[in-house]
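Accompanying notes for the structure given below.
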Amino acid sequence: MVFWVFGYGSLVWNPGFQFDEKVIGFIKGYRRVFDLACIDHRGTPENPARTCTLEQDEGAICWGAAYCIRGGPEKEQLAMEYLERRECEYDHKTLVDFYTEGDTLKPSVTGVIVFTSTPDKESNKYYLGPAPLEDMARQIATAFGPCGNNRDYIFLLEKAMFDIGHEDDMVIELANEVRKVLGDLGIGISKEKILTGPLQVPLMTNIPPLQLRPLPEAIAALES
């Protein structure tokens with residue numbers, strides 16, 4: 001038995017599990033959005049981070065990396081158990097067709113697993129929903145959790161998409177807005193440094209509570 005999983009967020013640069021093959025490609029009918037809360041890695045219940053999920057969008061494509069896991073039930077089970085723990089904010093495992101640059105009409109692999117989330121605050125307590133770019137940027141710039149800063153997530157995703165040769169305009173726009181917020185806070189991070197060298201960003205541990213329009217509703221949903 002063999003299974004494939006598609007990564008479009010942190011899995012692109014940090015899969016965290018043993019795999020046998022990695023292929024760069026895309027899926028159709030979805031676009032990347034930053035509408036999902038993370039409260040245990042790069043955020044907390046009181047100050048949730050924003051991480052990406054997928055939103056259905058006819059005609060859109062989403063680039064990322066597909067990982068093949070083969071080698072017997074034990075290896076596959078370990079990989080899936082790890083993924084389900086890591087992707088606990090995502091309430092669906094969806095099967096999609098995966099395409100590569102060489103053949104955009106015929107799928108290279110069918111039945112690829114991708115972790116997605118229901119865009120509904122009632123059924124998915126981690127769903128924050130969309131927000132103005134400035135509000136999302138301030139949330140990402142200041143949220144942090146046990147595994148690091150939310151801003152590192154957006155910068156590493158920006159770099160990962162650059163590295164695979166398929167930059168995401170939305171990621172770039174949001175990352176630049178986060179830089180603007182960090183500049184206002186007195187922490188300057190250049191795009192060139194992130195794309196060409198190791199990311200070295202000081203941890204902010206004395207950040208005041210966020211004052212964002214969407215957060216009160218989001219936090220109430222998370223605590224319910």
Side-chain angles (χ1 to χ4, degrees), residues 7-16 31-55 62-65 86-90 115 117 126-164 166-219 222:
Y8 56 90
S10 60
L11 290 179
V12 178
W13 75 83
N14 180 30
R31 67 185 184 97
R32 199 181 276 106
V33 294
F34 286 79
D35 294 350
L36 199 66
C38 176
I39 64 172
D40 57 352
H41 287 80
R42 296 184 180 273
T44 64
E46 297 77 24
N47 188 12
R50 271 190 183 265
T51 54
C52 62
T53 183
L54 294 179
E55 180 178 89
C62 179
W63 284 88
R86 174 169 166 171
E87 309 292 275
C88 61
E89 289 91 357
Y90 301 83
F115 286 81
S117 56
Y126 298 106
Y127 181 69
L128 294 176
L133 182 70
E134 296 81 4
D135 287 356
M136 288 196 295
R138 180 165 173 78
Q139 185 173 356
I140 291 170
T142 56
F144 62 93
C147 296
N149 298 315
N150 196 182
R151 65 179 182 268
D152 291 359
Y153 177 92
I154 183 72
F155 294 147
L156 286 167
L157 179 57
E158 181 187 35
K159 184 179 187 302
M161 300 311 295
F162 175 84
D163 288 344
I164 68 173
H166 294 282
E167 294 180 276
D168 185 314
D169 290 342
M170 194 273 177
V171 172
I172 293 172
E173 184 181 16
L174 184 55
N176 284 335
E177 191 66 28
V178 171
R179 291 187 187 93
K180 189 184 301 183
V181 173
L182 291 171
D184 293 341
L185 294 172
I187 301 174
I189 301 174
S190 70
K191 179 175 181 178
E192 289 72 20
K193 175 63 176 175
I194 291 168
L195 296 183
T196 60
L199 184 62
Q200 295 179 341
V201 185
L203 176 66
M204 296 173 65
T205 58
N206 58 346
I207 301 168
L210 289 176
Q211 299 295 325
L212 298 179
R213 289 191 295 274
L215 274 182
E217 183 181 355
I219 292 172
L222 288 170

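As the structure is a computational prediction, the values presented were derived from the model and not from experiment.
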Identify the two heavy atoms, one from G7 and one from V12, that lie closest to each other, and give their separation to 0.1 Å.
O-CG2, 3.3 Å
Rounding to 0.5 Å, atoms CD (E46) and CD1 (I39) come to a distance of 9.0 Å
What distance do L128 atom CG and S117 atom OG have between them, rounded to the nearest 0.5 Å?
10.0 Å
With rounding to the nearest 0.5 angstrom, report the CG to CG distance, L157 to L174.
9.5 Å
Residues which pass side chain to side chain contact (heavy atoms under 4.5 Å, CB included) with A49, listed by chain and number, not counting sequence neighbours:
C38, R42, A143, N150
Can you list the steps and then say if N176 with E173 is a side-chain contact (heavy atoms from CB on, under 4.5 Å)?
CA-CA 5 Å; N176 284 335; E173 184 181 16; 6.0 Å; no
Would you say the side-chain atoms of Y8 pair up with the backbone N or O of F115, donor to acceptor, closer than 3.5 Å?
yes
If I compare all heavy atoms of L182 with all of R151, which pair ends up nearest, and what's the gap?
CD1-CD, 3.6 Å
Looking at every heavy atom in both R50 and G129, which two are closest together, and how far apart are they?
NH1-O, 2.9 Å
State the OG1-CD distance between T53 and E89, to the nearest 0.5 angstrom.
10.0 Å
May I have the step-by-step check of side-chain contact (heavy atoms from CB on, under 4.5 Å) for F155 and R179, ending in yes or no?
CA-CA 9 Å; F155 294 147; R179 291 187 187 93; 3.9 Å; yes
Would you call D163 and K159 a salt bridge, taking side-chain N to carboxylate O under 4.0 Å as the test?
yes
Is the closest side-chain heavy-atom distance between P48 and Q139 below 4.5 Å?
yes
With respect to C52, which candidate in R32, M170, R31 satisfies the side-chain contact (heavy atoms from CB on, under 4.5 Å) definition?
R32
Rounded to the nearest 0.5 Å, how far apart are CG of L185 and NZ of K180?
13.5 Å
Minimum heavy-atom separation for S10 to R86, with atom names?
OG-NH2, 2.9 Å
Using the six-membered ring wherever Trp is involved, compare the ring planes of W63 and H166 and label them parallel, tilted or perpendicular (cut-offs 30° and 60°).
parallel
I140 CD1 to D135 CG distance, which is reported to the nearest 0.5 Å
11.0 Å
Name of the residue among T51, L36, D35 meeting side-chain contact (heavy atoms from CB on, under 4.5 Å) with Y126:
L36
Might you point out which heavy atoms bring G145 and T44 nearest each other, and give the distance in Å?
CA-CG2, 4.4 Å
Would you sort out whether I172 and F162 count as a side-chain contact (heavy atoms from CB on, under 4.5 Å), showing the intermediate values?
CA-CA 10 Å; I172 293 172; F162 175 84; over 6 Å; no
